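Here the structure is a predicted model, which is why all the values come from computation and not from measurement. So you know, we letter chains A, B, ... as the sequences are listed, proteins then strands, and number each from 1.
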Amino acid sequence: MTPEALLGGFTNAPVQSALAFRSALEALARPGTLHNLTGALPPPPMSKAAGVLVLTLCDGTTPVHLAGPHDCAQVRDWITFHTGAPLVAADKAIFAIGTWAALQPLDRYAIGQPDYPDRSVTLIAELRALTQTGPRLTGPGIKTEARLSLPETAAFAQNRLQFPLGFDCFVTAADLVAGLPRSTKVEAA
Amino acid sequence: MTDQAYNFAYLDEQTKRMIRRAILKGIAVPGYQVPFASREMPMPYGWGTGGVQVTAACLTPVDVLKVIDQGADDTTNAVSIRKFFQRTAGIAVTEATQEATIIQTRHRIPETSLTTGQILVYQVPIPEPLRFLEPRETETRKMHELEEYGLMHVKLYEDIARHGTIATSYDYPVKVEGRYVMDPSPIPKFDNPKLSDSPAIQLFGAGREQRIYALPPYTNVVSLDFDDHPFQPSKAPHDCDLCGAADSYLDEVITDDQGGRMFVCSDTDFCRSRRAAGHVGRLGSAAVEASE
Ligand SMILES: [Zn+2]
């Protein structure tokens with residue numbers, strides 16, 4: 001383990017994780033809204049927002065899959081040291097982290113069971129930028145409609161068809177996060 | 001000042017993470033009951049340990065907490081929970097609905113409309129709406145999976161056959177986004193319409209039964225009914241005797257042993273605010289009380 005792995009965690013975990021959770025909750029409960037997540041400094045290529053989500057939600061009971069460039073020694077060590085989460089293959093993951101391209105193919109992930117739809121993966125998809133433009137979102141949490149700069153629409157539309165099964169997604173860029181639960185209907189703008 | 005013998009908001013970080021993950025899955029599948037490993041809390045189950053754990057997992061130091069029991073801020077239960085979080089989280093508290101960021105409730109939804117940024121946390125005794133029809137958890141899970149809700153309608157229809165109307169007046173079952181049938185907790189059915197399309201996040205915690213479920217804002221919630229017997233939110237056919245409100249849920253209060261009685265708002269903050277604003281009910285002396 002590199003000495004850098006010991007750095008960049010929360011300095012006041014109870015308060016920082018509480019604030020971060022509320023941002024994550026608002027993000028997932030109101031798809032299309034953008035929220036700041038700060039307080040962690042994960043090693044690249046992981047964004048600050050993704051690092052905060054990991055510190056807030058992951059621990060020894062939540063297997064994590066690192067996809068593509070995120071699956072590097074620095075990120076592995078950082079997650080292991082700060083959360084104790086086991087690093088696993090995609091099909092075993094409760095959380096999966098990577099660029100949208102690296103997270104593919106999506107049919108590798110757990111989408112829950114018909115009697116336990118909660119037993120499904122949460123994807124943390126790292127984007128270059130996050131804006132309230134692009135595909136149209138409707139559904140629970142959205143008063144009329146919202147827009148979000150998602151990398152595509154097809155995969156999310158397909159995911160919606162499986163409801164109540166499916167993956168849930170946080171999209172992150174720098175210190176911004178937005179949520180996209182499986183309940184959201186995503187259409188081309 | 002928080003009591004340093006406890007972690008922030010009492011629960012340890014690992015427990016809060018587990019509850020937070022359950023809340024997020026609940027948000028993702030509105031109305032579905034997510035299992036969670038409920039912890040022992042320093043209060044009896046009947047005191048809303050499920051709601052307390054959900055509140056503990058949501059609280060931040062900048063929150064303003066309101067706790068109500070049957071609409072009242074001043075019952076033993078509400079006061080104890082409020083003090084518990086003042087002591088363990090050092091947060092601010094309020095009785096004013098519009099000032100609160102988190103409202104923990106037992107058996108009521110506040111009369112004052114909730115707003116974006118607020119979270120309503122319900123204490124739930126029995127989260128499974130199908131439990132009285134089917135005691136086995138494996139079977140009720142199957143019924144939810146297959147959307148086998150016919151028995152629920154049969155039960156409500158038996159009400160109509162027996163009483164000429166749907167007699168269920170609390171705990172009235174709802175369907176969420178056309179998918180899951182959900183128990184709204186023992187709120188009066190008068191409150192059911194407020195479940196739907198609320199700007200606030202609604203979270204439900206059942207401690208003994210170890211379930212968390214959720215309604216994101218602007219979620220469609222429909223009370224079960226029949227074409228020939230549409231759902232009707234009902235209340236006592238009176239105005240509040242203290243503030244004159246015609247549209248609030250009322251409690252009947254016995255005032256003497258001669259059979260005297262009055263009807264007053266169950267939501268004490270709502271009633272007090274109206275009286276403070278000069279509204280007067282049938283018992284005019286209320287205005288004096290309000291100006292104290
Ligand atoms: Zn009143």
Quick one, [X] and [Y] - any side-chain contact, counting heavy atoms below 4.5 Å?
{"X": "B:Glu177", "Y": "A:Ser183", "result": "no"}
{"X": "B:Ile102", "Y": "A:Arg22", "result": "yes"}
{"X": "B:Gln14", "Y": "A:Thr61", "result": "yes"}

Part of [X] within contact of chain A (heavy atom distance under 4.5 Å):
{"X": "B:Thr116", "value": "both"}
{"X": "B:Asp63", "value": "side chain"}
{"X": "B:Ile119", "value": "side chain"}
{"X": "B:Ala57", "value": "backbone"}
{"X": "B:Ile212", "value": "neither"}

Closest heavy-atom contact between B:Pro217 and A:Ala29?
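For B:Pro217 and A:Ala29, the tightest heavy-atom pair comes out as CD-O, 3.3 Å.
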Please rank B:Val34, B:Asn220, B:Val29 by heavy-atom pairs under 4.5 Å with chain A and give me the top one.
B:Val29
When heavy-atom pairs shorter than 4.5 Å are enumerated against chain A, which of B:Val176, B:Leu59, B:Thr60 gives the highest number?
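That would be B:Thr60.
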Stepwise, does the side-chain contact (heavy atoms from CB on, under 4.5 Å) test hold for B:Ile201 with A:Glu26?
CA-CA 8 Å; B:Ile201 293 173; A:Glu26 288 289 333; 3.6 Å; yes
Enter the distance from [X]:[atom1] to [Y]:[atom2] here, rounded to the nearest 0.5 Å.
{"X": "A:Leu55", "Y": "B:Glu13", "atom1": "CG", "atom2": "CD", "value": "11.5 Å"}
{"X": "B:Lys16", "Y": "A:Thr56", "atom1": "NZ", "atom2": "OG1", "value": "11.5 Å"}
{"X": "B:Tyr32", "Y": "A:Asp118", "atom1": "OH", "atom2": "CG", "value": "3.5 Å"}
{"X": "B:Phe8", "Y": "A:Ser17", "atom1": "CZ", "atom2": "OG", "value": "9.0 Å"}

Between [X] and chain B, which part of the residue has a heavy atom less than 4.5 Å away: side chain, backbone, both or neither?
{"X": "A:Leu28", "value": "both"}
{"X": "A:Thr62", "value": "side chain"}
{"X": "A:Phe167", "value": "neither"}

Top of A:Pro14, A:Pro31, A:Pro181 for chain B proximity - count of heavy-atom pairs under 4.5 angstrom:
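The answer is A:Pro14.
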Which pairs count as side chain to side chain donor-acceptor pair (under 3.5 Å) when at least one residue sits in residues 117-130 of chain B, sequence neighbours excluded?
B:Gln33-B:Glu128, B:Gln104-B:Gln123, B:Thr115-B:Gln118, B:Tyr122-B:Gln202, B:Glu128-B:His144
Per-residue contacts, residues 18-28 of chain B versus chain A, heavy atoms under 4.5 Å:
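Listed by number: B:Arg20, B:Arg21, B:Ile23, B:Leu24, B:Lys25, B:Ile27, B:Ala28.
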Please determine if A:Lys143 and B:Asp197 form a salt bridge, counting it only when a charged side-chain N lies under 4.0 Å from a carboxylate O.
no
Mind running side-chain contact (heavy atoms from CB on, under 4.5 Å) on A:Leu57 and B:Arg17 for me, showing each step along the way?
CA-CA 6 Å; A:Leu57 299 173; B:Arg17 273 193 300 274; 5.7 Å; no
Sub-3.5 Å donor-acceptor pair from the side chain of B:Arg141 to the main-chain atoms of A:Asp115, do we have one?
yes
Apply side-chain contact (heavy atoms from CB on, under 4.5 Å) to A:Phe163 and B:Arg179, showing your working.
CA-CA 9 Å; A:Phe163 189 90; B:Arg179 179 56 181 84; 4.1 Å; yes
